[in-house]
Amino acid sequence: MSPTRSRRRLIAGNWKLQFGPTHAAAHAAALRDRLLAVEDVDLAVFPTAMSIPAVVDTVKRSNLRVGVQWACAHAEGAYTGANSPAMAREIGCGWVLCGHSEVRGDFGETDARVHAAIRGGLKHGLLPMLCVGESVEERAAGRLREVLERQLEVAYGSLHADEAATVTIAYEPLWAIGTGVTATPDKAQEAHAVIRKWLLGRFPEFVAAQTRVLYGGSVKASNIAGLLACPDVDGALVGGASLDVDAFCAIVDAARR
Ligand code: PGA
C-alpha cells in the first residue's frame, strides 16, 4: 500500500442548507482571501444549490473548488425538484457529493441511486465524493465492516478501475455528524482501513493507493491533527465548523505539511 504522503490532502466544507447567495458569496470571499497561499492541500466547498453561482463567481481563479451537495443521474427531463449533474457542471461545479447521510435519511436516497448519481457525475465531468458510514447501533452490534462494504459495493457497482480511481470517499459515521462527538482517531482509522481494504480487494492496487478517504463528523480545529495522523485519513469533510471562517482556516492550516 502506498504511504499516505502520496495522496494530496483534501479539506472540504459542507455548508448544508445554510447561507443564501449574498451570505455565501461573502463567506466564500473571506475564505478565498485567507486561503490564497494554500498550495499543498486541495480545497472544496459545497454550498446549497441556489448559492452555487454566487460562490463560483466569487472564487473563480482561486484555489477553492465548488461542488453540488446532491444531484440525480439525469442531465435533464421530467424530474421535478432534482439537480442535474450536467447543469451543475455548466454553472461551474467540479464536485458532486453522493449519498450524504442526511440525503439518505431525510430524502430516502438509496444505495442504488447513489450509484446512479456517481455515474451521472462522472459522465458530466464532476468528481464524485461518496459518503458512507454506519449508525451507532450498527457500530455497537459489530456490523461496521458489513455496513460499509454493502454501501461501497452498491455505490461503485459497475464502475471500472479508471472510473473508480476518480471517486473520493468520505467516511462519516452517523453518530458523529452534527453531534459534537468525533470518532477517536482509532475508530476512524479502523473504518478507513476497512474501506481501503475493500478497494484493494475489488480493484487493481492503484485504485486503493490513489483514493482519498476523508473523515467527516464533528471535525474541528482541536481534533483534526489526531485524525490526520492516521495513515488512511486523507483529509476531512467539515460541516458545522466550515460555517466559521476562522475554524475552517484553522482546519486547513492543520492539514498543511
Ligand atoms: P459536521 O457535519 O462536521 O457538522 O458533523 C459533517 C457532514 O455532515 O458532512
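Keep in mind that this is a model prediction, so the values were computed, not measured. Whatever order the structure lists ligands and atoms in, that order sets their numbers, starting from 1.
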Table of N or O contacts for ligand 1, cutoff 3.5 Å:
from	atom 1	to	atom 2	distance (Å)
ligand 1	2 (O)	Lys16	NZ	3.3
ligand 1	3 (O)	Ser218	N	3.3
ligand 1	3 (O)	Gly239	N	2.9
ligand 1	4 (O)	Gly240	N	2.8
ligand 1	5 (O)	Gly178	N	2.6
ligand 1	5 (O)	Ser218	N	2.7
ligand 1	8 (O)	Lys16	NZ	2.8
ligand 1	8 (O)	His100	NE2	2.7
ligand 1	9 (O)	Asn14	ND2	3.4
ligand 1	9 (O)	His100	NE2	3.2
ligand 1	9 (O)	Glu172	OE1	3.2
ligand 1	9 (O)	Glu172	OE2	2.7

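In this structure, Leu127 belongs to a hydrophobic cluster whose other members, linked by side-chain heavy atoms under 4.5 Å apart, are Leu10, Phe46, Trp95, Leu97, Met129, Leu214, Leu237.
Here His100 pairs with nothing under the ring-ring contact (aromatic ring centres under 6.0 Å, His included) rule; sequence neighbours left out. The ring-ring contact (aromatic ring centres under 6.0 Å, His included) check on Phe206 picks up nothing, with sequence neighbours excluded.
A salt bridge is absent between Asp40 and Arg9; no separation between the charged side-chain nitrogens and carboxylate oxygens falls under 4.0 Å. A salt bridge between Arg65 and Asp42 is absent, with no side-chain N of the basic residue lying under 4.0 Å from a carboxylate O of the acidic one.
A heavy-atom distance below 4.5 Å is not found between the side chains of Glu138 and Glu146.
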